[in-house]
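Inspection log for the structure reproduced underneath, given as structure tokens.
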Amino acid sequence: MINMTLKDGSMRQFETSITVYEAAKQISNRLGKEALGGIVNGKAVDLSFVLTEDAHLDIVTFEHPVGVEIFRHTSAHIVAQAVKRLYPQAKLAIGPSVEKGFYYDFDVDFTFKLEDLLKIEVEIHKIISEKLPISRFELPRQEAIQFMKDKGESYKVELIEDLPLDVTISFYQQGEFVDLCAGPHLSSTGDAKAIKLLSATGAYWRGDEKRKMLQRIYGVSFPKAKMLEEHLLLLEEAKKRDHNKIGREMELFTTVDAIGQGLPLLMPKGAKIVQILQRFVEDTEEARGYLLTKTPLMAKSDLYKISGHWQLYRDGMFVIPDGDNPDDALALRPMTCPFQFMIFKAAQRSYRDLPLRYAETSTLFRNESSGEMHGLIRVRQFTISEGHLMVTPEQLENEFRGVVDLINYMMDTLGIRQDVSYQFSKWDPNNKGKYVGSAEQWETTQETMKNILDHLQLNYKEAEGEAAFYGPKLDIQFKNVHGKEDTIITVQIDFSLAERFDMTYIDSNGEKKRPIVIHRTSIGCYERTLAMLIEKYAGKFPTWLAPIQVKVLPISDKYQAYADLVVSKLKAQRIRVELDDRAEKIGYKIREAQLEKVPYMLVVGQKEEEETVVSVRSRKEGDLGTKTLEAFIEQIQYEVNNRVLNYE
RNA sequence: GCCCACGUAGCUCAGGCGGCUAGAGUGUCACCUUGGUAAGGUGGAGGUCGGCGGUUCGAGUCCGCUCGUGGGCUCCA
């Protein structure tokens, strides 16, 4: 008799040893049909895993993340099998399940074109219909290495050699195809059902750009064809919110070949939104004790040599030669820190002056590599709500909290707080050359930061090797419509640069001390934030952010004079208004205004003129009936002053 | 920087196995219509098919290079 504790806490007894699959069938018919694998005492296993003793058992289906992983991982193996059949010389690298599906990397002496993917898909469907049983076997380390050597799979050999000595080395076989894999997997290739290949791209072996570029095939898979169709439809829908598409359609920004990559132009409507955000940010920061600075956009190399940028970040900077002497070069600034540090240093500071909080709406330049630019999200010139706080060690935690509070306020005001995730970005101790400062400094700073984050009860994930070169970061991440994650806001604690810049303050004992620096942004960079807002609201911005808040639509040109009066009264109240006085019918004008995503339309005709009112139509709710202009102005001002959010 | 896909009118796109004067919708302009809550009608203008070079009797179409856009890799706000 063995006892299994199920995930709902109930207990189940089985006569003798039994496979996970049989157990699932006995628990329920449905579970037997849908089971993809199991979790036994926290460890994911195949359906064929034999239960021999008491344990916690969780049967996983496609509704469980582990089930999805098993499913997608097997899909990757099927892709690899298909590729090996069509291109026997292809060498296998790795093929994991990832958030958006799965991929498999191959070393081939050509590149996969779209038409190759189609051929591979045909072979995949063959393999699925062959219903090949998938079985697991284990080999001792040396035999495993020899086994893969014999097959000419040099990448697999490298992988095995790098495995920890105590780990069990397992393989999975389906038909003629064998792959090194920890598993678990489905029981048969027939269970993989609906696999779709999405793209072929290049990817460096082990993510190292100095090593060989392999060919990666991305795909996605589901247990039912219908689920796959729905998923593909969802991807299409998401692309309709793409800030690149909406931003260009709504004339928020554009790009021009002759100006260059990563250098978007904000058009009047986009610039208006950024201006609104910037005013809001600067006012809020001032209210919270920040001092505004305005510093140069470029500096001599001397400055960057002190900060470490010249040594560690030179590839990322635009360097401007100055005469014949390379030592006299200027560089456009990639960060504001050294400039604000110099302001700190421009006077003798006392502990009574701290904390000093500097803020600047700062334009930065970063020479991103050419394949990196993306709409407004990755650009070469951007403007960030930058700031640095110089604090004493005692003030650090409180000031850090203050920064997080400011950030939360910003995110709440924009309505995006529930859409972000927190990441604690740490250094990579195995790559010390990328950073300034000692290992001890890094470890203690990270510990300090971790404590603060824990006190703040932020639900963060840790990311090694993601720190800035001068310190660990709290990164606030958001995902774009393609599911790609980017940092929108960041806070960093820096124990290094104060030393490099010889920044000091006099403490209460009259001794010189180094301040701790908090690098932070309150709303991130305006271009990227705008991109995120476009995608968040699909262009239907809240009234306070909408570049055009009201469109006045006269029924005909007989009411032009009244329409002009309405427009001028709104303008006098600083409401952003446009007049559509084209000789078109009202239905047509409404349709256009609606497609332009203007929050309010005011229809004016004979009735309105006689009664001196306006007919209000909202983007969201349609016809709202007539109101006096004063009442409408009051309503819109309420929305603007309170920064009312809307989700449509 | 590397890999994949793409670049045709202001915008969205069709076409393309090399062959008359390159199409549509939408926008824009003119005229008619003066209207009541998501598209009224007619007509006109607008393109050296991203750029440069090559193959050819002939290139928007084929080839090479280049610029740009989108998606990945490395990197990063």
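Just so we're clear, the structure is a prediction, and the values are computed from it rather than from any experiment. Just so it is clear: chains get the letters A, B, ... in the order the sequence lines come, proteins before strands, and each one is counted from 1.
In this structure, A:M213 places its CE atom 9 Å from C1' of B:G1, rounding to the nearest Å. Nucleotide B:A39 holds its P atom 15 Å from the NZ atom of A:K589, rounded to whole Å. One atom, CG of A:L198, and another, P of B:C4, lie 17 Å apart when rounded to the nearest Å. B:C73 atom P lies 14 Å from atom CD of A:Q215, rounded to whole Å. Across the protein-nucleic acid pair, A:Y103 atom OH and B:C4 atom C1' stand 16 Å apart, rounded to whole Å. A:D581 has its CG atom 14 Å from the C1' atom of B:U34, to the nearest Å. Atom pair A:R380:CZ and B:C76:P shows a separation of 16 Å (rounding to whole Å applied). Rounded to a whole Å, the CZ atom of A:F106 is 17 Å from the P atom of B:C73.
Side-chain proximity of A:Q261 to B:A38, B:U69, B:C2: nearest is B:U69. Closest to the side chain of A:D623, from the set B:G72, B:U37, B:A77, is B:U37. Nearest to the side-chain atoms of A:R528 among the listed nucleotides B:G71, B:A77, B:U28 stands B:A77. Residue A:E368 places its side chain closer to B:C76 than to any other of B:C76, B:C4, B:G68. Between B:A77, B:G68, B:G35, one nucleotide has an atom nearer to the side chain of A:D257 than all others, and that is B:G68. Comparing B:U69, B:G36, B:U28 against the side chain of A:V603 picks out B:G36 as the nearest.
For the residue pair A:Q492/A:T490, the side-chain donor-acceptor check at 3.5 Å is satisfied.
Across all strands shown, B:U69 is found opposite B:A5 as a Watson-Crick or G-U wobble partner, with both distances under 3.5 Å. Base pairing analysis places B:G46 opposite nothing; no Watson-Crick or G-U wobble pair with both distances below 3.5 Å involves it. Under the Watson-Crick and G-U wobble criteria, each requiring two contacts below 3.5 Å, nucleotide B:U61 is left unpaired. In a base pair of the Watson-Crick type (N1 to N3 plus N6-O4 or O6-N4) or a G-U wobble (N1-O2 and O6-N3), with each distance short of 3.5 Å, B:C11 is matched with B:G25.
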(message) Could you go through A:K156 and A:S154, starting from their C-alpha distance and side-chain angles, then the distance that decides it, and tell me whether this counts as side-chain hydrogen bond (donor to acceptor under 3.5 Å, both in side chains)?
(response) CA-CA 5 Å; A:K156 296 293 179 188; A:S154 48; over 6 Å; no
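Remark: A:T201 is not in phosphate contact with B:G71, judged by side-chain N or O atoms under 4.0 Å from OP1 or OP2. When the side-chain nitrogen and oxygen atoms of A:S369 are compared with OP1 and OP2 of B:C75, none of them lie within a distance under 4.0 Å. Remark: A:K239 is not in phosphate contact with B:G70, judged by side-chain N or O atoms under 4.0 Å from OP1 or OP2. Phosphate contact (OP1/OP2 of B:U34, side-chain N/O of A:K558, threshold under 4.0 Å): absent. The phosphate of B:G71 has neither OP1 nor OP2 within less than 4.0 Å of any side-chain N or O from A:K100. The shortest distance between the side-chain N/O atoms of A:Q594 and the OP1/OP2 oxygens of B:U37 is not below 4.0 Å. Residue A:H374 has a polar side-chain atom (N or O) positioned under 4.0 Å from OP1 or OP2 of B:G71. The side chain of A:R248 places no N or O atom within less than 4.0 Å of a non-bridging phosphate oxygen (OP1 or OP2) of B:G10. Put simply, A:Y313 has no side-chain N or O that comes within less than 4.0 Å of OP1 or OP2 on B:C76.
Distance noted for atom C1' between B:A22 and B:C4: 29 Å (whole Å). The same atom, P, is picked in B:G35 and in B:G51; the two are 49 Å apart, to the nearest Å. Annotation: B:G41 and B:U33 have their P atoms spaced 16 Å apart (nearest Å). Comparing the C1' positions of B:G18 and B:C49 gives an interatomic distance of 15 Å, to the nearest angstrom. The same atom, C1', is picked in B:A14 and in B:G1; the two are 36 Å apart, to the nearest Å.
Donor-acceptor pairing under 3.5 Å, judged by distance alone, is absent between the side chain of A:Q492 and the base of B:A77. Between the side chain of A:R378 and the base of B:C75, a donor-acceptor pair under 3.5 Å is found. Counting atom types as modelled, A:S615 pairs a side-chain N or O with a base atom of B:U37 as donor and acceptor under 3.5 Å. With hydrogens and angles ignored, no donor-acceptor pair under 3.5 angstrom links the side chain of A:Y559 to the base of B:G35.
Counting non-hydrogen atoms under 4.0 angstrom, A:R617 reaches a base of the nucleic acid. Within the 4.0 angstrom heavy-atom criterion, no nucleotide atom of any strand lies near A:R211. Here A:S370 lies in heavy-atom contact (under 4.0 Å) with a base. Nucleic acid contact class of A:I377 (heavy atoms, under 4.0 Å, all strands): base. Note on A:F112: only backbone sugar-phosphate atoms sit closer than 4.0 angstrom, heavy atoms only; bases stay farther off. Among the heavy atoms of the strands lying under 4.0 Å from A:G371 is at least one base atom, whether or not backbone atoms are also near. When heavy atoms are screened at a 4.0 angstrom cut-off, A:M601 is found touching no nucleic acid atom at all. Among the atoms of the strands shown, only primed sugar atoms or phosphate atoms (P, OP1, OP2) are found under 4.0 Å from some heavy atom of A:L114. Across all strands, A:Q606 comes closer than 4.0 Å to base atoms (heavy-atom distances). Across all strands, A:E592 comes closer than 4.0 Å only to sugar-phosphate atoms, never to a base (heavy-atom distances). In this structure, A:N244 reaches the sugar-phosphate backbone alone: every heavy-atom distance under 4.0 Å involves primed, P, OP1 or OP2 atoms, never a base. If you check every strand for non-hydrogen atoms under 4.0 Å, A:E584 touches a base. If you check every strand for non-hydrogen atoms under 4.0 Å, A:K212 touches nothing. Nucleic acid contact class of A:I555 (heavy atoms, under 4.0 Å, all strands): base.
In this structure, the side chains of A:Y103 and A:V79 stay at 4.5 Å or more apart for every pair of heavy atoms. Taking the side chain as every heavy atom from C-beta outward, A:V379 and A:P264 approach each other to under 4.5 Å.
Just one residue in the list A:H374, A:Q261, A:R378, A:R380 forms a side chain to side chain donor-acceptor pair (under 3.5 Å) with A:E368, and that residue is A:R378.
Checked by atom type and distance alone, the side chain of A:R241 pairs as donor or acceptor with a backbone atom of A:E535 at under 3.5 Å.
Taking the nucleotide of RNA chain B with the nearest heavy atom to each of A:A203 and A:G587, the more 5' of the two is matched to A:G587. Between A:P554 and A:G262, the residue whose closest nucleotide on RNA chain B is further toward the 5' end is A:P554.
Between A:F106 and A:Y104, the distance from one ring center to the other falls under 6.0 angstrom.
Between A:H519 and A:Y470, the two ring planes are parallel [angle under 30°; tilted spans 30° to 60°]. Between A:F112 and A:F110, the ring planes are perpendicular. Angles over 60° get that label, and only those under 30° would be called parallel. Under the 30°/60° scheme for interplanar angles, the aromatic rings of A:H388 and A:F341 are found to stand perpendicular.
A stacking contact links A:F382 to B:A77: the aromatic ring centre lies within less than 5.5 Å of the base's six-membered ring centre, and the planes differ by less than 30°.
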